[in-house]
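Following: one structure in structure tokens, then a few remarks.
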Amino acid sequence: MILQKFLLRLMTMAVTLFGVAVVVFVVIRVAPGDPIAMMLPPGAGPEDIERLRALYGLDKSLPQQFVIWLGGVLQGDFGTSISLRQDVLSLVLGRLPATLELATLALLMALAIGGPLAILGARERGTAVEAGIDVAGGAALSIPDFLWGLLLILVFGVLAPIFEISGRVSPSLDLPFATQFYLVESILRLRFDLTADLLAHMFIPALALALPLAAIITLLLKQSLKEVMDLDYVVLARVKGFSETQVILREALKNAALPTLTLIGVQFTFLIGGTVIVERLFSYEGLGNMAIDAVINRDLPLIQGIVLVFALIFVLINLAVDLSYALLNPRLRHG
Amino acid sequence: MADRLFTVEGLKVSLPDMARKPLLGPAPMLDILHGLDFTLERNCITGIVGESGSGKSTLGRALVRLLEPSAGSVVFDGHDIAHLPEPALKPLRRDLQMIFQDPMSSLNPRRTIGAIIAAPMRHHGLADRIDERVAAALTRVGLPENFAARYRHQLSGGQRQRVGIARALALEPKFVLADEIVSGLDVSTQAQILTLLDQLASEMGLTIAFISHDLSVIRRLCRNTIVMRAGRIVEAGPTDALFAAPRETYTRELIAAIPLPEIDDDWLTR
Amino acid sequence: MTAQPLCLSIGALSATLPNGDRVLRSVSLDVAAGEVHALVGESGAGKSMIGKALLGVLPPGVRQVEGSITLEGTRLETLAPAARRRLIGARTALIPQDPLTALNPSRRIGPQMTDRLTHILGWPAASARARIREMLAEVHIREPDRVIAAYPHELSGGMRQRVLIAAAFAAEPRLIVADEPTTALDVTVQKQILRLIADLQRRHGTAILFVTHDLGVVAKISQSVSVLYAGMVVERAPAPELFATPRHAYTKALMAATPRYTHPASSLQPVNSAVLAELALEVRAADTEWKRAHG
Amino acid sequence: MDSARATRRPSARLWLAGLWLALVFIAAIAAPLLAPQDPLAQDLLYERLPPFWMAGSESGYPLGTDSLGRDLLSRLIYGARIAVIVALVAAFAACLLGSALGLIAGYFGGWADRIISRLVDIWMAFPPVLFAILLVAVLGTGLHSVIIAIAVIDWTRFCRVVRAETMVQARMDYIENARIVGFGRWRIMLSEVLPNVLPPIIALLSLEMGIAVIVEAILSFVNLSISTDDPTWGGIIAEGRLSIHQAWWILVFPLITLFLTVLSFSQFGEGLKSRFDPVLR
């Protein structure tokens, strides 16, 4: 049963990824602009254009191009970037760690802000404390990461310049890193001076990404906790003599968190989607920033590669959420 | 021989068991009703009683064709409706009405009570003098006419259930299915609704299938009774006879398990 | 009546909603040690609120504004919150209404049954485990090890209710609040559960505050009864007396409105509007007096 | 979370949010009358003038000027035009498309649901901002491209909510009763289900208007919205981001405007929803 469900899940994932590939392929090829013309120096002849066209496979029919491209993708070949003239896969893999570190830091910040606030609000339900959390949460929720980013740039970049507002790491520093996971590696290598510099750069963009998610976690988890806390087994725990905090942590939290998990997973994919513009805003050298450049340069292979990588991350997050839901829920675990 | 409105033979209902649905293809079917034979007399309230999982609600839904039976015949007023497609059912729908257990769920929250009662009448060509008809339907169930302008949430539980009755009876149907309609109510309200339904049934000559888990309520209201267990009929017959001399052990157990509001010291140990 | 020691004594208990309306209107009642006292009434009568006030689990916004609750000689109001919680945990227990929501779906049955013994009462884990195995045997559960290791969804409704009853009696409480413990069950299961509660109650000498809306259940399980309407006790009597000669018009009306399979159709009478009008007057009089006393 | 918040003073936030939105709409309609200067007029003598309360300000330029000497207030007022048009048209388009598909998927289930849900999955696997930038790049810059891009991307938001809410409603007994009466499926969907899913749709529509304004600002920010000369809030912000250390006001004023507008749209929607929902469930 469980295995069957898992296989079904993998199948739908594959269908989703294929759909994404088709959509992005079709969308970028109805574009009126000619990427080849953009990369040639003025005065190049028509035969130069034809030669390049053939080189990038753009002379074939759309379905043919798609089959060739998809065949390459399945073998790990995403093609060559037109504007950067490099292998798409290595370009993407070079930038992906920066984005993953930023998104993960943002997720941790959102959980660190949202979780305790949700518990506090549920504990103080019906009081002014809860009302305050509701108002703040409602406002934080409706302001998107882009605006938070700008606001934080003003506050921490201009009014009180505590943090960096541009780039990933100070350019003057000498980087001993072997991988692109700078933050992780700086910690592993015990180079905390570098960690501090990286965090100083990541703090504001991560906070901008984290705030809307923190608000959603606060409100959803608090609501879920309140519902669970009206159930008989929680009342029973109070009668047993457990204190309110014990009751929340022992009995309510896990059952309240489970139903919010799926929604928080979806919201986390939104957060990752938000890195595109936030990276741009903070000139942070991640995948999203590269994606915008790729669109502006009409770099078709690079756009396709990046979009597909994002889609892969999204479906993997959803899969991870489903799996952890199944693992945490005894009802499913014992199918 | 009493005049029969429903004649049911070999009624089977199976529903897909989504819990055991395989990866591809349809879910296996789970048998809910295992071939029921019974009749419902005209102008008579028949009680259908059983514990949870007995299939009584599924039976009711098959009678009013919210479900399509998987086998058997359901002859209603001369038509076998067991497998009629929806268009062919349409002219019969007017005569197959239903009152639901939970009026919070069965009354559309965004419509006035008047609109809720009027909609079925308009649909079945009774659009003329509609306000008068709505007022009459409300009066019939003992509600003031000005309730037509109210919404569900402005009514008490008993009043909501009266609206459910008014809506079902507005079409003057030949048959009404009442599914656990008093189980959510307090005893005092329950007594009012039972008395009302009894009085309307005799005035209007209604044929009602009254589904309930409560034998005391069945005893109060129904002339005939069908006792169900696990998708089968255990016993059926006139209510008086069934209570006076139950033939089946299960019926006897069911009756003996009802706590009467009387002091009886060894009831618990019996 | 002989002068048995009182297990629970509630005096002039009033509780209010956030808007100031009273849900309990100066409720007084006594429960003798080892006695089953039924609280009966229709929805909105406040019957569950009394148990919740005693156990300190009133819903958010509902406050006890007046009155005393005395449990085995200790006035609960005089205790600090933590001490009160410990006393409640040690001396009382709750059998809740809905066995489906009364067990934590993500914890195994065993720890849910032992946590009061080990975490609140400080029993060693081994003796707590031995104790619940004993209790499971008392509620006629044949495979205690399977049940202890099970998650709630692996047990039937009747089974879960047995587990809850066993857990309630496990710490030998002096008083159990049973809040409509059989309402969600089928009649045949209800009878088994009622029998079980009565058995254990007699064997352990536990007092029970039995909340129900069903006069039939009241007649079968309780020794004394309080009939409630709108948060007021309208009649209080030993059970045999109440059913033989109900005094208050509302009690009479309630009895006449309860259908009985032994009586033919005609005997059922809806509650008379005169009775309701009289009750409304009583409520108003009580509120006027209360307001005068409280400004 | 909504019900608890909604019951607390819904009217205050409805009125405050409504007031600000009314100001924005008036600015959009009457821009030529309200703007003190021509929003496109450059004057290099007046570049980066500070706002009125600071030393060095000029009368007639109350909020100062940008790096080309264009009046900031006038550009903000004209920018409201684009914002309002995008908010209204794009949000309604996304709402219609998404709600219709959500209703169908939620009510009919089966194959319709499977296809629509798969489509939503595919759409949700795109980073929305990147998708919007890509679409506008493909369609060519301009107001209509921005609107199409927003509608094409954000219909899923409506579809998911409406589908879920429709499935809740479809399980209600009043739907069964409508079948008992003999109503057809489309009639039940449109006249019984739809009114009950309207409150969340309205709240979402208002929220989406705010989102549309933001997306337009983001597109302007990466220079992909409408022509670069036309005043848009996002365009001003992009410029402000560059001159943040020399002239902070170029960023601050459009940011405040955008902030208030987005907040107002969402609060207005929540307020309307509780106003529209007399039903105490």
Side-chain angles (χ1 to χ4, degrees), chain A residues 12 15-20 22-24 27-28 30-33 125-126 130-131 134-135 137-139 141-144 146-147 150-151 153-154 157-159 165 219-220 222-223 226 266 269-270 272-277 280-281 288 291-292 295-296 298 303 306-307 310-312 314-315 318, chain D residues 1-5 8-9 13 114 117-140 152 160 207 210-211 214-215 217-219 221-224 234 237-238 240-241 244-245 248 251-252 254-256 258-259 262-267 269-270:
Chain A
T12 54
V15 172
T16 302
L17 288 176
F18 182 78
V20 169
V22 172
V23 171
V24 69
V27 164
I28 58 181
V30 300
R125 59 194 180 286
E130 193 200 359
D134 280 340
V135 171
L141 179 68
S142 45
I143 304 301
F146 176 63
L147 279 192
L150 288 165
L151 203 69
I153 284 177
L154 269 178
V158 179
L159 293 179
I165 56 167
L219 296 178
L220 279 179
K222 176 168 73 68
Q223 178 63 17
K226 281 167 67 182
V266 171
T269 65
F270 289 167
I272 293 182
T275 59
V276 174
I277 193 65
R280 189 70 171 184
L281 202 52
I292 293 180
V295 173
I296 291 171
R298 298 199 175 279
I303 297 172
I306 294 174
V307 169
F310 270 115
L312 184 66
F314 288 6
V315 295
N318 285 324
Chain D
M1 76 187 137
D2 298 329
S3 60
R5 263 187 302 151
R8 263 193 297 277
R9 305 177 57 205
R13 65 173 170 186
R114 251 169 273 173
S117 295
R118 189 65 41 231
L119 216 54
V120 171
D121 276 357
I122 291 171
W123 247 249
M124 304 252 305
F126 282 96
V129 170
L130 182 55
F131 200 4
I133 292 170
L134 185 58
L135 278 177
V136 173
V138 165
L139 296 168
V152 162
R160 288 164 56 222
L207 188 71
I211 292 169
I214 287 287
V215 174
I218 289 175
L219 289 169
F221 182 80
V222 295
N223 235 337
L224 270 172
I237 285 175
R241 170 77 176 87
I244 185 167
H245 293 291
W248 52 263
L251 180 56
V252 167
L255 189 56
I256 292 173
L258 207 51
F259 198 89
V262 172
L263 197 60
S264 298
F265 269 125
S266 85
Q267 296 303 304
E270 285 297 319

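Throughout, a chain's letter reflects where its sequence line sits, starting with A, and its residues are numbered from 1.
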Exercise for the section: Please name the pair of heavy atoms, one in A:V15 and one in D:R118, separated by the smallest distance, quoted to 0.1 Å. Expected result: CG1-CD, 3.5 Å
Handout entry: Contacting moiety of D:R160, where chain A heavy atoms sit under 4.5 Å
Key = side chain
Problem - Within-4.5 Å side-chain heavy-atom neighbours: D:F221 and A:F146 - result: yes
Handout entry: A:I303, part contacting chain D, at a heavy-atom distance under 4.5 Å
Key = side chain
Practice task
Compare all side-chain heavy atoms of D:W123 with those of D:V152 and state whether any distance is below 4.5 angstrom.
Solution key: yes
Fill in the blank from the handout: Scored by heavy-atom pairs under 4.5 Å with chain A, the best of D:L258, D:V129, D:I218, D:L251 is D:I218
Fill in the blank from the handout: Taking every heavy atom of A:S142 against every heavy atom of D:Q267, the minimum-distance pair comes out as OG-NE2, 4.3 Å
Practice task
May I ask you to decide if D:L263's main-chain N or O and D:S266's side chain share a donor-acceptor pair within less than 3.5 Å?
Solution key: yes
Handout entry: Structural part of D:I211 lying under 4.5 Å from a heavy atom of chain A
Key = neither
Handout entry: Proximal component of D:F131, with respect to chain A [non-hydrogen, under 4.5 Å]
Key = side chain
Fill in the blank from the handout: Among D:D121, D:L134, D:L207, D:L119, the residue with the most heavy-atom pairs under 4.5 Å to chain A is D:L134
Problem - Option in D:L255, D:I244, D:I237, D:I133 with maximal non-hydrogen atom pairs under 4.5 Å from chain A - result: D:L255
Exercise for the section: Name the option with the most non-hydrogen atom pairs under 4.5 Å to chain D; the candidates are A:L17, A:L151, A:V22, A:I272. Expected result: A:L151
Problem - Separation of A:I165 CD1 from A:L150 CG (nearest 0.5 Å) - result: 10.5 Å
Handout entry: Engaged part of A:F270 at the chain D interface, taking heavy atoms whose separation is under 4.5 Å
Key = side chain
Practice task
Flag the pair A:T269 / D:M124 as yes when at least one side-chain heavy-atom distance between them is below 4.5 Å, and no otherwise.
Solution key: no
Handout entry: Toward chain D, the part of A:L312 with a non-hydrogen atom under 4.5 Å
Key = neither
Handout entry: Shortest non-hydrogen contact from A:L219 toward A:G137
Key = CD1-C, 4.0 Å
Practice task
Pick one of side chain, backbone, both or neither for A:V20, based on which atoms fall under 4.5 Å of a heavy atom in chain D.
Solution key: both
